[in-house]
Each structure stands twice: as C-alpha cells, then as structure tokens.
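When reading the values below, keep in mind they use all heavy atoms of this one structure, side chains included, and skip hydrogens, waters and symmetry mates. Computed from a predicted model, the values in this text were never measured in an experiment. Note that ligands are numbered from 1 as they come in the structure, with each ligand's atoms numbered from 1 the same way.
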Amino acid sequence: MEFIDLKSQQKRIRKDLDTRMAKELDHGQYILGPEINELEEKLAKYVGVKHCISLSNGTDALLLPLMAAGIGPGDEVITTPFTFFATGEMISLAGAQPVFVDIDPHTYNINLSLIEKAITPKTKAIMPVSLYGQCPDIDGINELANRHNLLVIEDGAQSFGAEYKGKKSCGLSHVGATSFFPSKPLGGYGDSGACFTNDDALAKSMKELRVHGQEKRYYHTRIGINGRMDTLQAAILLSKFEIFPEEVELRKKWGELYKKLLGPDFKTQNLLPNSTSVFAQFTIEVNNRDEFIKAMNELGVPTAVHYPTPLHLQPVYQHLGLGKGSFPHSELASSRVVSLPMHPYLNEALIEKVVAAVKKSAGLPT
Ligand SMILES: Cc1ncc(COP(=O)(O)O)c(C=O)c1O
C-alpha cells in the first residue's frame, strides 16, 4: 500500500501529459513560457481572485507577500507553531519575528480567541495555516486584522481546493499562498507554488520580486529573488488540473469514510460547518505513537507524522525563550498525531484495511 499513490493518477493523464510536455519542448520557452500565463489564468479563476502569481515553490509563496508588503526587521507576524517549518522560517527570513499563538485542539488551526492578545504595535500581519487541508475560521481572523490594520496571508499549502463558506482557500484574505509539491492536493513533478490576491499593487510587487525585483528588463527597483515556476512544471500542472475538481471530491469522500469507520475512538480534525477539507493529510491521534507506527508497518500500512516538533521547540528558535509548556495544545498534538494513507485513488477495501490495521495497532477490537 502506498501513502500517496501518484502512479494511478499518472496513468490517467499520461497521454495528455506527454502532449503538453512535447509541446513545450517544441516551442522551447522554458522560462515564463505560454503555459505559465495559461495556468495563472485558470488557477486565478478557480480560486476566484484577480491575480495568480506562479512561483518556484510554496516556501517562496510565503516569503514574497511579506517582502511585497515591506515586512521585515522590527516587525512581528503572528502564526501557529503547529505547522511545517517553512511558515515560521519565511517570517524569519524576511527579517521579521514570528509570534506564535497556540492552536485550537479540535481543528489544529490557530486559535482565533488567542490572537488579539498577541497583537502589539509591531504586529504587521497574521499568517494562519490551513492545516491538513481545512481553512481556519478566516472570517474572524480577517475581522480582527481589519480592526488592527494587519495583512492576512493564508498559508494554504495544504488546502488548495478546500472551501470556506463557499469561497476557495487562497482567495479568502489579502494573499493566499500555496504549494504544488508532488504530494500536495494539486502537486506537480517537482517544486512549484503560487500566490493569489485581489490586490493589484501587491500582485505587481510580487511579480517583480519573483524576477529579481525587476520592473522592466535589467532595471531593478528592489531586491528580489529568482522565484519563477518552470514552464515545464506549469504544463504538468495544467494536465493535472483537468482532473483536480474530481480528485477533490474523491478526497472528501475518502476522508469522510475514514471518519465514519474510525468512529469516536479516534480523535481526528474537527470539520467546521460551512467549510470543506481536501484532506491533504488524514490525521488521527494515538497514545503510544512509536509503538503504533511500528505495528502499522508490520501490517504493511505506511504512516507519517505531521509534525513531530512544534516550531517554538525547534533548535533554531530557542533564542525566543519559549520552552516546553508555552503552547500546550500544539505540544500535545505534536506528540500524538499520525497521518494515514490519503489520496484520491483509495477505495473502500483499502480504507477498511487501513482502519482495521489502525484499530489493531491501537489495541482495539477490529
Ligand atoms: C503548511 C506548509 N507551508 C509551507 C510549505 C512549503 O511548501 P514547499 O514545499 O512547496 O516549499 C508546506 C509544504 O510542505 C506546508 O505544508
């Protein structure tokens, strides 16, 4: 059994992939070729915003809006410690200070009711993470940000395709950032990512920043990066995007089936009313995780841990002086979570097999 089955997907789209890749080899515009525009237009329409800025990866997609907004040394950005490292890392790389706020233990996303206390005169932005494929209560975050004149950058690396009150993830706040890393809900064959916004000025800045802060050819108005998506990656994503809406529905179906079969014995991410998850990960909590993972391995079911160490306990953030106990819900979740195989090409029999293995490995009757 595979944790993520990319082969079945490739079988479905191989002909189209070959055609699109051959077309690119023929036209030879490997950098910012026509597929980049085509992808940006399609993705912006899908998300429901004016601008999509395709980028080299999801990490740059977090850095660029910070740079575009002029957020740097002396500034603070509020985020969650229970995320992939890149979220905090890009705040630090921009020169700003990450200010962590604990999660809601039921959704694993940043706890709205704790954010206001963390706002100081130095706060410039809030960067919520749509963990495991579900957006946080973004209306509340946007409202708070408006009151305090803060930018909201959604780290939607795991939630592309998810909906919140009928609107798509990445189109819910000032800027949405996502990743097309191969294992993501919409994943390429290599690294790539994108930013989404309705803000013309931010879009212009981010487009310039992704090409060395270049306003026109060889005329640099600011310090930027080389952050472009490869045209080849855009061609691959265009092919995958054709079947993406159908894959989102399958992810939802398998996520819901997992929840139903696992039942109340296992804590899983609470789904908010009026929102959907794309189940980038299907994650449960277990008591003795190391033993559980070992037992699952013996039963032939792969697992992964997202994520074993919250950001405030990472060695590089020790200078912040936030020891154990600072964010109890993030710390507890980090010690207990384990993700199960999740991709659109599961079926009922496979899910039943995983659930039986989960129950056995947790010492429950199957
Ligand atoms: C929450 C989150 N943020 C940011 C990233 C970074 O994306 P990428 O790997 O494309 O740079 C990831 C990807 O793993 C992620 O899961």
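When the side-chain hydrogen bond (donor to acceptor under 3.5 Å, both in side chains) test is applied to Lys167, no partner is found at least two apart in sequence or on another chain.
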Atom pairs, nitrogen or oxygen, ligand 1 to protein, under 3.5 angstrom:
residue	atom	partner	partner atom	Å
ligand 1	3 (N)	Asp155	OD1	3.2
ligand 1	3 (N)	Asp155	OD2	2.8
ligand 1	10 (O)	Gly58	N	2.8
ligand 1	10 (O)	Ser179	OG	2.7
ligand 1	11 (O)	Gly58	N	3.3
ligand 1	11 (O)	Thr59	N	2.8
ligand 1	11 (O)	Thr59	OG1	2.5
ligand 1	14 (O)	Lys184	NZ	2.9
ligand 1	16 (O)	Gln158	NE2	2.9
ligand 1	16 (O)	Lys184	NZ	3.2

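Within 6.0 Å of CG on Asn149 lie no more than 12 heavy atoms contributed by other residues, nucleotides or ligands. Counting heavy-atom neighbours within 6.0 Å of Lys360 NZ, excluding the residue itself, gives a total of 12 or less.
Although no hydrogens or angles enter the test, the distance criterion places a donor-acceptor pair under 3.5 Å between the side chain of Gln134 and the main chain of Asn270.
Both cation-pi conditions hold for Lys168 and Tyr46: the charged atom is under 6.0 angstrom from the six-membered ring centre and inside a 45 degree cone around its axis.
Judged purely by distance below 3.5 Å, without hydrogens or angles, the side chains of Glu331 and His312 pair a donor atom with an acceptor atom.
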